[in-house]
Number of protein chains: 2
Amino acid sequence: MIDTKKLGRPRTFDYDEALMQAMSVFWTKGYDGASLRDLTKAMGITGPSLYAAFGDKRELYLKTIDLYADVDGCAPVVAFETEEDITKAIKGFLSEVVHYATEHESGAKGCFLASSVVTTVGQVEGVAERVEAAIDDTEKRLAARFDREIEKGTLPADFPSRERAALLYDLRQGYMFRGRAGWSSERMQQDLDSRVQMLLSH
Amino acid sequence: MIDTKKLGRPRTFDYDEALMQAMSVFWTKGYDGASLRDLTKAMGITGPSLYAAFGDKRELYLKTIDLYADVDGCAPVVAFETEEDITKAIKGFLSEVVHYATEHESGAKGCFLASSVVTTVGQVEGVAERVEAAIDDTEKRLAARFDREIEKGTLPADFPSRERAALLYDLRQGYMFRGRAGWSSERMQQDLDSRVQMLLSH
DNA sequence: GTAGTTATGTATCAATCGATATATAATCAG
DNA sequence: CTGATTATATATCGATTGATACATAACTAC
């Protein structure tokens, strides 16, 4: 049913790689601050190629947001989900957050959503839904990880999973903001252990 | 010594009021998204008047950041500092934060620093220092309020004031982010009491 | 009054913005 | 091969960007 062979002249660039570069530009410079020149230069393609492959600037922007939600943004969440020991899982989540906030491979700092995308809510159509969906999705996954611990019996049956998931998310936002503001990884790590303890206390 | 009388033709607009309007525009549209047309229209002045009174766009931007730090941004902090009962003080702080995050008079949502200014760190010279200073200043004031409670004997001598101040600030960032993303005031208030309790537990 | 100083309004600058028209190159189906 | 289809590169569009030159208006000092 699915025909993978495409008609016409094939692309000379990698779609996903170009999209990742575009995300870096938006992340660093913001939506309005990122010019088409900046984007095409970083992506290594020309203007018409960009428009043919990704649509206009706004559509490209939305695609980079989806890319972040699917790949980049959930790295700490994955660390949280995969570690079996809940204490280590929380510490792993926060450590990953601090790491991301201070030294992302793209050179950008903080969280793409919290540091750049959030500015364009109400300005660029399609952004608000994506940001809200990203929050809901992440918090549900975090809460589910706590619930799993309740099932295992490691946490009491009345442990407030949703509340703690929301708290974990807020801590994440705080770290991301500090990272964007220039705080060092070391400075952010000093309260880490007591925060882990707080998140588990009941 | 100080001569309040000014030479030349007097201004026909209010400096501080115009600056406040400029802040609203930057808050809503971001630094790059705010055009000189947007700014002059909202401020009710012409281009040359803007440049004569505030300097170029970047200088005007920095002045709005300072205005926010001095006036707007610290409203919840003031609520926290002035309420004598520490439990009510914390709840007051968070309530004020939620209120600010959802319905600021300017029409903008979230925190000016967290929702707009943070995007321009590393892009607009002078922003990074201001954001970092805003964090430090706020956290110190929050910690001092906790310390005062220790002196009164309401909180134990080994109460981690600095840690809790940082936590309070991170919660603030989380609410501001949610506000910008479109969360309602009601939705944010549901965990408020348990968070107050958490901030005081030891 | 005149001289000096500052703000205002109009008109406009070069540069950059996002976006596209056009022609050419590279692939597949037949 | 031909025809259809899609990507590429060059060149450029009108609109908007941030910023200013200029002449005029409104004030103080004398």
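To find a chain, count down the sequence lines: A is the first, B the second, and so on, and within it residues start at 1. Reckoned from all heavy atoms, side chains included, excluding hydrogens, waters and symmetry mates.
- The phosphate of D/dA7 has OP1 or OP2 within less than 4.0 Å of a side-chain N or O from A/R11.
- Ion pairing between a basic and an acidic side chain is recognised when a charged N comes within 4.0 Å of a carboxylate O; A/E151 and A/R148 show no such pairing.
- A 4.5 Å side-chain heavy-atom check between B/S161 and B/I150 finds at least one atom pair inside the cut-off.
- Between A/Y175 and A/W183, a ring centre-to-centre spacing not shorter than 6.0 Å is recorded.
- A straight line from CG of A/L60 to P of C/dG18 spans 11 Å, rounded to a whole angstrom.
- Along DNA chain D, the nucleotide nearest to A/T12 and the one nearest to B/R58 differ in position, and the one closer to the 5' end is contacted by A/T12.
- Contacts between residues 47-57 of chain B and DNA chain C, defined by a heavy-atom separation below 4.0 Å, involve B/P48, B/S49, listed by number.
- Whole-Å rounding puts the B/R9 CZ to D/dC27 P distance at 8 Å.
- What separates CD1 of B/I45 from C1' of D/dA19 is a distance of 14 Å, to the nearest Å.
- For the pair B/K57 and B/Y51, the cation-pi test (distance below 6.0 Å, angle within 45°) is failed.
- A centroid separation of 6.0 Å or more is found between the aromatic rings of A/F26 and A/F112.
- Heavy-atom distances under 4.0 Å link DNA chain C to A/A34, A/S35, A/L36, A/R37 of residues 30-43 of chain A, given in residue order.
- In this structure, A/D14 atom CG and D/dT8 atom P are separated by 12 Å, rounded to whole Å.
- For the pair A/F13 CZ and D/dA7 C1', the interatomic distance rounds to 9 Å; values are reported in whole Å.
- Taking the six-membered ring for Trp and the full ring otherwise, B/F146 and B/F80 have centroids separated by under 6.0 Å.
- Every residue was checked against the ring pair (Phe, Tyr, Trp, His ring centres under 6.0 Å) condition with B/F177, not counting sequence neighbours, and none meets it.
- A donor-acceptor pair under 3.5 Å is formed between the side chain of A/T40 and the backbone N or O of A/L36.
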